[in-house]
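Shown next, in structure tokens, is the structure this report addresses.
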Amino acid sequence: MRQYKEEDVVKRLCDPKAQRDAFAEVVAAYSEKLYWQIRKMVLNHEDANDILQNTFLKAWLNLDSFRGDAKLSTWMYKIAVNECITFLNRQRAINNVPLDDTDVYLLQTLKADAYFDGDQVDKKFQEAILSLPEKQRLVFTMKYKDDMKYEEISEILGTSVGALKASYHHAVKKIEAFLTEDI
């Protein structure tokens, strides 16, 4: 397999004869990164795999709508984040969890996850993250855990860099308060 070059892949995605092979390269290049982004949002391995498949399916079905205004990776992340939000909202509706109570479903998922391999400190940190409102949780995860630049997060979430910085700052303060409340 050739080395992944986004501009080359984007050109080949526009060519019906090369489109299938180019998309296979996209899947190979982004599967692991997107999986972990999704997993951080939904916590459950099986759900993350399903959402990843939906993300690639949605991208494949909507290739003609990719205009190249943003990087292909940004477009893929945006689809993945939207698929996660849709999934979480659906789970909350199924479980009758109010939308303003965003952490309850995920906290239950975290506590029931047999594959969670963190210690008590890590679990407490995860609970702190899950106590954040959804948007702050997204921003915190993308910035802190994925080390993404604010500009890239801005393109994915469609939010200004200034608002993202403020959201991240508030998230950090809330996490600090959550982690030190028992001390």
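Residue numbers count from 1 along this sequence. Hydrogens, waters and symmetry mates are skipped; everything else that's a heavy atom, side chains included, is used.
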Leu13 backbone acceptor or donor facing Gln19 side chain under 3.5 Å = yes

Decide yes or no for Thr86 and Asn54: does some side-chain heavy atom of the first lie under 4.5 Å from some side-chain heavy atom of the second?
-> no

Answer yes or no: is there a side-chain heavy-atom contact under 4.5 Å between Val9 and Arg12?
-> yes

List the atom pairs, with distances to 0.1 Å, where a side-chain N or O of residues 151-162 and a protein N or O form a donor-acceptor pair under 3.5 Å, not counting sequence neighbours.
unit_1: Ser154; atom_1: OG; unit_2: Thr159; atom_2: O; d: 2.6
unit_1: Thr159; atom_1: OG1; unit_2: Lys135; atom_2: NZ; d: 2.7
unit_1: Thr159; atom_1: OG1; unit_2: Leu157; atom_2: O; d: 3.4
unit_1: Ser160; atom_1: OG; unit_2: Ala163; atom_2: N; d: 3.1

Is the closest basic N to carboxylate O distance between Glu6 and Lys71 below 4.0 Å?
-> no

Heavy-atom distance under 4.5 Å between the side chains of Lys174 and Pro133, does that happen here?
-> yes

Under 6.0 Å from the NZ atom of Lys149, do we count more than 12 heavy atoms belonging to anything else shown?
-> no

Give every residue pair that meets the ring pair (Phe, Tyr, Trp, His ring centres under 6.0 Å) criterion with at least one member in residues 143-173, sequence neighbours excluded.
-> Phe125-Tyr144, Phe140-Tyr144, Phe140-Tyr168

Charged N-O contact under 4.0 Å between Asp15 and Lys11 | no

Evaluate the side-chain proximity of His45 to Tyr35: yes if any heavy-atom separation is below 4.5 Å, no if none is.
-> yes

Carboxylate-amine/guanidinium proximity below 4.0 Å for Glu176 and Lys173 = yes

Could you pull out all residues at least two apart from Leu57 that satisfy side chain to side chain contact (heavy atoms under 4.5 Å, CB included)?
-> Leu61

